[in-house]
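For reference, the structure discussed in these notes is given below.
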Amino acid sequence: MTKIVKTRFAPSPTGYLHIGGGRTALFNWLFAKHHQGEFLLRIEDTDRARSTKEAVDAILDSLKWMGLDWDGEPIFQFSRRDRHIEVAHEMVEKGQAYFCTCTPDDLKKMREEQKAHGKPLGYDRRCRDKGHTSGAIRIKAPTLQNEEMLIQDKVQGDVHVALSKLDDMILLRSDGTPTYMLSVVVDDHDMDITHIIRGDDHLNNAFRQNTIYNVMDWTPPEYAHIPLIHGADGKKLSKRHGAVGLEAYRDMGYLPEAMRNYLLRLGWGHGDTDIISTEEAIRLFDLKDIGRAPSRMDFSKLASVNAHYMRQCSEDQLITMLLPFIEKILGEKPDEIGIRRLEKGLHDLKERAQTLVELAQAGLFYVRHRPLPINEAANKVLDRQLLGEIRSILAGLSEFRNDTIETSLKEFSIQKGLKLGKIAMPLRAALTGMTKSPSIFHVAEILGKEETMARLDDLE
RNA sequence: GUCCCCUUCGUCUAGAGGCCUAGGACACAUCCCUUUCACGGAUGCGACACGAGUUCGAAUCUCGUAGGGGACGCCA
């Protein structure tokens with residue numbers, strides 16, 4: 001009988017959810033779903049000084065927005081500290097861990113000396129055999145010469161490290177609180193986590209953590225260390241690359257499904273397919289298809305994926321997502337008439353926007369109150385005399401529809417010996433205040449005869 | 001400094017020794033469509049980091065070199 005697959009996402013609540021963290025969460029979620037397993041959320045708040053409630057909320061919000069639902073309640077690691085402490089003492093009793101009385105100052109000095117002599121950095125085990133009975137607790141890392149430890153990583157393959165490289169890390173701080181290194185192992189073990197999928201900045205930690213599994217005689221989980229996401233310049237993603245927190249992407253108007261698709265394809269591939277729905281992703285996801293090289297954030301690709309999902313989205317769903325953005329630009333809630341116009345216009349509008357922000361800007365003229373602000377480019381093409389003639393033609397239409405408007409204005413253009421564009425553009429400027437819009441005949445129909453006339457009259 | 005990992009178009013990737021004159025997507029360029037902007041369609045630009053080896057044959061295997069990334073905390 002095989003164990004049920006259990007993964008976990010374990011962010012530390014010291015800030016917003018990083019986009020790389022979002023992808024890690026996504027991979028854990030997909031892997032669990034693929035195997036009909038469980039995906040747990042554990043908040044790693046053992047660093048009391050840096051953990052905040054705000055950060056916890058921000059992380060939860062972002063995960064919810066991404067559509068990554070976890071099983072059960074989030075687990076707060078610090079609440080399990082008694083159990084962690086108990087394990088640390090058990091290791092001391094087993095003779096596999098010891099008390100250390102070195103001060104941070106001592107250690108700093110030690111490291112400086114190691115650096116100065118070009119020696120490998122690491123604790124020199126000076127307290128190991130002193131038999132102290134208080135202080136911080138350190139694990140006794142195996143010291144066999146010429147031996148190595150092997151980790152069969154699902155992404156990185158076989159990775160070997162010489163045991164001599166593992167130092168006696170701290171399990172319990174001198175104030176009695178457990179460290180991350182101890183807590184993760186105890187929690188992952190107690191929670192029956194079968195697969196640890198995390199950033200490859202933790203690859204080295206896997207070896208150190210395995211020494212704890214070994215001492216406790218526990219079976220280590222499977223590891224999958226995924227490469228990090230870099231900025232467009234190939235450097236570690238940081239604030240100077242622009243958006244790093246997931247909530248920033250929400251505010252820039254990206255759709256959750258687009259985000260999932262884009263992040264999935266960053267470092268994971270399935271043949272030539274670029275557009276992969278979440279359902280497909282669950283079906284196809286496999287750790288062996290994760291690449292081993294770090295990948296770079298590409299905003300234009302994200303935008304194009306987003307455009308795809310916006311086009312695919314029903315007008316119904318789209319308007320719900322769009323309204324907050326409209327409201328933000330407008331500075332107030334649009335009225336019912338405006339919303340209805342906008343909704344009708346969405347079908348044509350969504351073809352020409354890549355984000356909800358762009359879509360909101362492009363559709364703003366539907367919800368704006370008269371008189372409409374006219375931008376500079378539009379002002380240049382406003383031929384008031386010609387618009388006057390256009391107005392009288394439109395005024396004469398008994399049926400105010402896309403096709404009747406177009407036909408009448410085409411006739412007019414032939415009559416005047418003008419290209420249709422010469423007529424359509426001033427009308428566009430007058431009705432939208434811009435020089436870019438969907439078919440202006442269609443726009444006029446949606447605005448309705450009354451509003452169209454009124455907007456033309458506003459120009460006089 | 002020490003250890004670990006990585007390396008196909010600008011970017012994300014396909015590629016498991018002959019199917020590769022290396023495929024797709026995004027970006028870019030040109031053209032078509034067209035009332036503007038988009039969408040759509042067509043074409044183009046463009047990569048196996050380098051050097052040795054193994055082999056009849058290497059993007060694919062081996063070894064070096066170079067470059068990039070990560071880690072070395074009483075942070076996570």
Distance in angstrom units between A/D200 CG and B/rC4 P, rounded
15 Å
Using a heavy-atom cut-off of 4.0 Å across all strands, would you classify A/K165 as base, sugar-phosphate, or nothing?
sugar-phosphate
Any cation-pi pair here, A/R8 with A/F39, using under 6.0 Å and within 45°?
no
Nearest-Å distance once atom P is located in both B/rC50 and B/rG41
35 Å
Report yes if a donor N or O on one partner sits less than 3.5 Å from an acceptor N or O on the other, where the partners are the side chain of A/R292 and the base of B/rC6; otherwise report no.
no
Please state how far atom CZ in A/R111 lies from atom P in B/rA71, giving the value in whole angstrom units.
16 Å
Measuring from the side chain of A/S174 (C-beta onward, heavy atoms only), which nucleotide among B/rG10, B/rU7, B/rC74 has the closest atom?
B/rC74
Where the side chain of A/S439 is concerned, which of B/rU35, B/rA76, B/rC12 is the nearest nucleotide?
B/rU35
Need to verify one output field. Residue with the more 5' nearest nucleotide on RNA chain B, A/A232 or A/D274?
A/A232
Which part of the nucleic acid does A/L266 contact within heavy-atom distance under 4.0 Å: base, sugar-phosphate only, or nothing?
sugar-phosphate
Using the benzene-type ring in the case of Trp, are the ring centres of A/Y223 and A/H225 under 6.0 Å apart?
yes
To the nearest 0.5 Å, what is the distance between OH (A/Y262) and CD1 (A/I275)?
12.5 Å
Is the base of B/rA27 touched by the side chain of A/K301 through a donor-acceptor pair closer than 3.5 angstrom?
no
Answer yes or no: side-chain N or O of A/N205 and base N or O of B/rA76 forming a donor-acceptor pair under 3.5 Å.
yes
Between B/rC75, B/rC37, B/rG70, spot the one nearest the side chain of A/K436, thanks.
B/rC37
I'd like to know if A/R173 and A/D175 make a salt bridge, using a cut-off of under 4.0 Å between side-chain N and carboxylate O.
no
A/R50 has its side chain closest, among B/rC74, B/rC75, B/rU36, to B/rC75
A/H225 NE2 - B/rC6 P separation (whole Å)
13 Å
Among B/rA76, B/rC5, B/rU35, which nucleotide sits nearest the side chain of A/L203?
B/rC5
Separation between the P atoms of B/rA14 and B/rU8, rounded to whole Å
10 Å
How are the rings of A/F299 and A/Y249 set to each other: parallel, tilted or perpendicular (split at 30° and 60°)?
parallel
C1' gap between B/rU7 and B/rC12, integer Å:
15 Å
Which value, in whole Å, describes the distance between the C1' atoms of nucleotides B/rU21 and B/rC3?
43 Å
Rounded to whole Å, CZ of A/R296 lies from C1' of B/rC26 at a distance of 15 Å
Parallel, tilted or perpendicular: which fits the ring planes of A/F285 and A/F31, with parallel below 30° and perpendicular above 60°?
perpendicular
The side chain of A/R352 lies closest to which of these nucleotides: B/rC3, B/rA38, B/rG69?
B/rA38
Nucleotide forming a Watson-Crick or wobble pair with B/rG46, both distances under 3.5 Å
none
Rounded to whole Å, the CG-P distance (A/L166 to B/rC72) equals 13 Å
Atom CG of A/N306 to atom P of B/rC12: distance rounded to whole Å?
20 Å
Rounding to the closest angstrom, what is the interatomic distance between B/rG15 and B/rA59 at atom C1'?
8 Å
Does A/R265 or A/A424 map to a spot on RNA chain B nearer the 5' end, using the closest nucleotide for each?
A/R265
